[in-house]
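What follows is a short report on a single structure.
We name chains A, B, ... by the order of the sequence lines, and we start the count at 1 in each one.
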There are 2 protein chains.
Amino acid sequence: MLSNLTDHIKKFIELSDADIELIRLAVTVKSVKKKVFLLEPNHICKDIYFVSKGCLRLYFINKKLNEQITQFAIENWWLSDYFGLESGKPSNYYIQAVENSEIISISKNKLEELFEKVPRLERYFRIVQQRAFTAAQKRIEYIYSLSDEERYRHFSSLFPEFMQRIPQYMLASYLGFTPQFMSKIRAKKI
Amino acid sequence: MLSNLTDHIKKFIELSDADIELIRLAVTVKSVKKKVFLLEPNHICKDIYFVSKGCLRLYFINKKLNEQITQFAIENWWLSDYFGLESGKPSNYYIQAVENSEIISISKNKLEELFEKVPRLERYFRIVQQRAFTAAQKRIEYIYSLSDEERYRHFSSLFPEFMQRIPQYMLASYLGFTPQFMSKIRAKKI
DNA sequence: CTGTTTTCTTAATCTTGATTCATTTTTTGA
DNA sequence: TCAAAAAATGAATCAAGATTAAGAAAACAG
């Protein structure tokens, strides 16, 4: 549903019907089944993704050959490998659907064209990026000021519904510890 | 020097002389002595800061009553407590000059006015925020995929000149470990 | 200069969470 | 519907880095 995106944009800037039509022409709306990859390592990342429904994860394989999740995106969040997108170099990341999802994608090129036609979108994305940066900073702050166990409890108190949606091992990966350790602290709680 | 800022902006968008004059009227350029605070906890953060010369750090006091540095800003970087800036709530952070510095500051309100007069600046700040977000994500990736010792060596190979500029204990804080541990790995190296 | 504060180093002990390996439970798909 | 794969749990051992407590070396101010 394109309206999920345009409604989100309207929270920050005004959009005319003509603007919405230009957005419609620039983006691609698609259904993505659980486990499908939108990006894989060694591919060039060309798109940014808006989650209209469902959930995506961004991860890479670390030195110990484990999946390391660095970002989730749920409804109304954007996700991309911005580093790959800007550099044009082959990506190191996977972007994968965690649930059956509805994704709105737009290529870097189409987005640049759209910025020329609807310059106020620069403002929307400035705000989106600023919020993303602020959230990333908060996360770094928690990593450095809470123990793993505290971070788990903090996360589960903030996002109890999200915890129901994803496998535990993915949350352990996102929080930076092992599934075994997660089992241990969960057992402790009861 | 205002030109440090306008030159930086010109790397991303075009600026007319009139635009530059509008920027000049909106910002404040000031010299800040080492150890001076630009923001302290329980104060409302109203400004964002551009480092024209020198170095700033952003930190908070964690539960163990230690300083925890979450960001540095050197020449051509912006720094603020964006969370406090957007929420209008009292800050939890210190922003302090690490060296005698020249800082260009602009208040949130003045910046909003400036966006109305020079809308292309939204683009500049969109790009700045996107880069900041990408850097923060990279940092999270390193935190989760490298040991503390590896992260120290990685950082010192990437930014050898910066290491000379700041006390070791600040770098230890930024990297998330103790000065004692840092001494240990430095001693190991020789 | 010279006393004081700040920064850095060393070493012993302690803790958190990783690793390894085995088992159980849940989910999935043919 | 049931076999196979995926996910979660449990326990024993191990390691990276914290903590504590000195003391040494630099930097700084009067």
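Near DNA chain C, meaning a heavy atom under 4.0 Å away, there are no residues from residues 166-175 of chain A.
Applying the ring pair (Phe, Tyr, Trp, His ring centres under 6.0 Å) rule to Phe181(B) yields the partners Phe177(B); only residues at least two apart in sequence or on another chain are considered. For Tyr94(A), the ring pair (Phe, Tyr, Trp, His ring centres under 6.0 Å) partners are Phe37(A), Tyr59(A), not counting sequence neighbours. Remark: Tyr49(B) pairs with no residue by the ring pair (Phe, Tyr, Trp, His ring centres under 6.0 Å) rule, at least two apart or across chains. For His43(B), there are no ring pair (Phe, Tyr, Trp, His ring centres under 6.0 Å) partners, not counting sequence neighbours.
Ionic pairing of Glu150(B) and Arg153(B) is not present here: no N-O contact between side-chain nitrogen and carboxylate oxygen is shorter than 4.0 angstrom.
With hydrogens and angles disregarded, a donor-acceptor distance shorter than 3.5 Å links the side chain of Ser101(A) to the backbone of Glu99(A).
Outside the 6.0 Å centre-distance limit, the rings of Trp77(A) and Phe50(A) are not counted as a close aromatic pair. Between Phe162(B) and Phe72(B), the gap from one ring centroid to the other is short of 6.0 Å. Checked against the 6.0 Å centroid threshold, Phe115(B) and Phe125(B) count as a close aromatic pair.
Applying the salt bridge (Lys or Arg N to Asp or Glu O under 4.0 Å) definition to pairs two or more places apart or across chains, none involves residues 155-164 of chain B. Under the salt bridge (Lys or Arg N to Asp or Glu O under 4.0 Å) criterion, the residue pairs touching residues 135-148 of chain B are Lys138(B)-Glu141(B), Asp148(B)-Arg151(B), with sequence neighbours excluded. Screening residues 33-62 of chain B for salt bridge (Lys or Arg N to Asp or Glu O under 4.0 Å) gives Arg57(B)-Glu67(B) as the qualifying pairs, with residues at least two apart or on separate chains. Residues in residues 115-129 of chain A take part in these salt bridge (Lys or Arg N to Asp or Glu O under 4.0 Å) pairs, two or more places apart or across chains: Glu122(A)-Arg123(B), Glu122(A)-Arg126(B), Arg123(A)-Glu112(B), Arg123(A)-Glu122(B), Arg126(A)-Glu112(B), Arg126(A)-Glu122(B).
At whole-Å resolution of the value, CD in Glu67(B) and C1' in dT7(C) are 13 Å apart. One atom, CD of Gln164(A), and another, P of dA7(D), lie 17 Å apart when rounded to the nearest Å. At whole-Å resolution of the value, NZ in Lys63(A) and P in dA16(D) are 13 Å apart.
A sub-4.0 Å separation between OP1 or OP2 of dC8(C) and a side-chain N or O of Arg186(B) is absent.
Each end of the helix from dC1(C)-dG30(D) to dA30(C)-dT1(D) yields a helix axis from five base pairs, and these two axes differ in direction by 60° (to the nearest 10 degrees).
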- Query: With the sugar-phosphate defined as primed atoms, P, OP1 and OP2, and the base as all remaining atoms, what B/S/- string results for nucleotides 15-23 of chain C, 5' to 3', for protein heavy atoms under 4.0 Å?
  - Reply: --SBBBB--
Below 3.5 Å is the cut-off: list the nitrogen or oxygen pairs between protein and nucleotides 26-30 of chain C, distance only.
unit_1	atom_1	unit_2	atom_2	d
dT28(C)	OP1	Lys34(A)	NZ	3.1

